[in-house]
Amino acid sequence: MRRGVTRTSTGITVSIARDPALVRTVRLIAAAVARRASPDEEFVEEVRLAVGEACALMVGESASDAGPVTVRLALDTRLCVDVVAAGPVAMADSFDSDVDGVEPWALLRGLIDDLSIERDGDSTTLSMSWPVSAVA
Amino acid sequence: MRRGVTRTSTGITVSIARDPALVRTVRLIAAAVARRASPDEEFVEEVRLAVGEACALMVGESASDAGPVTVRLALDTRLCVDVVAAGPVAMADSFDSDVDGVEPWALLRGLIDDLSIERDGDSTTLSMSWPVSAVA
Amino acid sequence: MTVFVRRVSRELGVDLSLETRHEGGQTIIEVGGEIDVYTAPKLRDKITELVGNGEYNLVIDMEKVDFLDSTGLGVLVGGLKKVRAHDGSMRLICNQERLLKIFRITGLAKVFVIHGSQADALAER
Amino acid sequence: MTVFVRRVSRELGVDLSLETRHEGGQTIIEVGGEIDVYTAPKLRDKITELVGNGEYNLVIDMEKVDFLDSTGLGVLVGGLKKVRAHDGSMRLICNQERLLKIFRITGLAKVFVIHGSQADALAER
Ligand SMILES: Nc1ncnc2c1ncn2[C@@H]1O[C@H](COP(=O)(O)OP(=O)(O)O)[C@@H](O)[C@H]1O
Ligand SMILES: Nc1ncnc2c1ncn2[C@@H]1O[C@H](COP(=O)(O)OP(=O)(O)O)[C@@H](O)[C@H]1O
């Protein structure tokens with residue numbers, strides 16, 4: 001029964017099968033972690049939306065046997081979230097669009113200023129982060 | 001944008017730093033997964049309690065630098081939950097008890113009939129499962 | 001209280017509810033819950049079904065929507081294209097800032113006619 | 001409605017609330033929220049503080065407790081030992097079946113005096 005342990009960072013990693021039904025659970029987790037960082041519900045909603053969106057994009061990208069999508073949330077001086085999936089991710093507008101300038105990535109790019117997308121070998125990582133004040 | 005994909009099982013794995021504050025988040029996930037298996041709130045509460053308890057025991061066992069505690073939830077014909085942590089876990093009553101027959105493991109053992117505890121090399125796995133009817 | 005109900009429905013795992021009414025030549029779809037990568041196909045199927053039945057003037061009431069992601073947006077845009085192909089219309093009812101923000105960020109606020117209430121939507125048709 | 005509030009407080013991340021009152025020589029601690037591995041130390045500290053102040057007759061009101069795990073049970077048993085060391089008492093108020101089940105499973109239902117309401121607890125002292 002430890003208590004009052006000093007810690008500098010706190011993290012949670014969740015891996016889901018590529019099942020769209022599980023994306024909501026990831027949103028629930030993201031919101032819970034965000035709420036630890038700040039009670040500001042607008043911030044919590046933004047994190048919920050962005051993480052859910054990143055996760056939905058990765059889950060929607062390929063067949064359900066393409067391996068899990070992993071979401072890493074770390075809370076330190078920033079709330080950092082990485083969404084990792086095996087396989088390439090189509091970042092461009094892959095469908096014929098007759099509405100100019102809209103595409104699935106528009107929302108995520110609009111939400112996250114510092115969105116970074118990295119290919120490493122076979123996997124793709126989406127990274128995003130938010131500044132947070134003191135963590136309780 | 002896939003839909004109506006046939007799948008036989010659905011799973012979610014969550015790893016948390018050994019931070020007691022994150023155990024509640026694991027309970028939230030366990031409840032969300034249980035609720036997918038059955039809308040019966042009594043069942044959901046039982047899963048929430050058992051998974052939270054297993055996780056709390058593992059988190060409470062050692063120092064915060066002992067590596068993460070990993071919880072795997074898989075939903076198939078049963079809801080199977082494994083809680084894995086590095087290092088040994090004290091399964092016996094480690095404190096001097098003046099109240100007969102009570103110990104931290106009493107609750108988990110009381111909740112789960114088929115609780116299994118396995119040591120594999122450096123890690124300990126607690127496994128529990130519940131029968132579920134059809135998964136939506 | 002809205003915030004209250006929203007959270008509860010989230011933890012309870014309520015996903016998407018769809019209720020359809022007809023009023024003055026329009027078809028109003030009241031959507032409740034979360035429109036996301038999992039539930040959006042249900043909304044898409046409903047729109048496809050209505051258009052298949054010759055209902056080309058749709059009003060999507062999103063007042064009870066708790067969450068919307070890009071999959072949901074895609075279904076709305078897809079629906080708009082479908083009704084336009086029949087010279088129809090699809091208008092939205094939404095007064096939640098959280099959702100309006102999503103339409104603004106994606107540029108879709110300019111693509112859709114968005115009303116603040118059912119009364120407005122039916123008055124301005 | 002209780003279920004309602006319970007869920008909301010869960011998703012909102014409300015953890016533990018403690019309110020202390022004095023009534024007829026007893027100290028009533030009203031506990032709300034989740035008593036778990038994270039929050040139980042707060043309850044333990046409160047009990048230690050009260051016992052340190054010479055308050056040996058405690059009533060723990062758990063009506064607003066949403067969740068209790070073995071760490072919470074440990075704190076309650078620890079509290080019982082502390083007050084008994086001063087010939088004091090610690091009684092619980094709890095009428096939620098979910099929580100009573102936990103006391104039964106662990107054998108602690110026989111160790112604690114558990115009342116169904118504050119009225120009962122104060123009447124039967
Ligand atoms: N995130 C988004 N933001 C804006 N528009 C989008 C987004 N996602 C999809 N769209 C638009 O929705 C339309 C429909 O896409 P899609 O969902 O694949 O439906 P459909 O199968 O009906 O064509 C696309 O043409 C695209 O312009
Ligand atoms: N899960 C449990 N079920 C029942 N009794 C428990 C449980 N966990 C701890 N206890 C009891 O609580 C007492 C106090 O344990 P602990 O929480 O370590 O507190 P303390 O530091 O005050 O001794 C122990 O003597 C043990 O008998």
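Only a predicted model underlies this, so the values are computations on that prediction, with no experimental measurement involved. Each chain gets a letter, A, B and so on, in the order the sequences are listed, and its residues count up from 1. Heavy-atom basis, side chains included; hydrogens, waters and symmetry copies ignored.
- Between the OG1 atom of T25(A) and the CZ atom of R35(B) there is a distance of 10.0 Å, given to the nearest 0.5 Å.
- Note: L22(A) leads V71(A), V26(A), L22(A) in heavy-atom pairs under 4.5 Å with chain B.
- Partners of A30(B) according to the side chain to side chain contact (heavy atoms under 4.5 Å, CB included) rule, which considers only residues two or more places apart in sequence or in another chain, are V47(B), V51(B), L73(B).
- In this structure, the side chain to side chain donor-acceptor pair (under 3.5 Å) partners of D114(A), at least two apart in sequence or on a different chain, are S129(A).
- The distance from the CD1 atom of I29(B) to the CD1 atom of I29(A) is 3.0 Å, given to the nearest 0.5 Å.
- Of the listed residues (I16(B), I12(B), T13(B), V14(B)), the greatest number of heavy-atom pairs within a distance under 4.5 Å of chain A belongs to T13(B).
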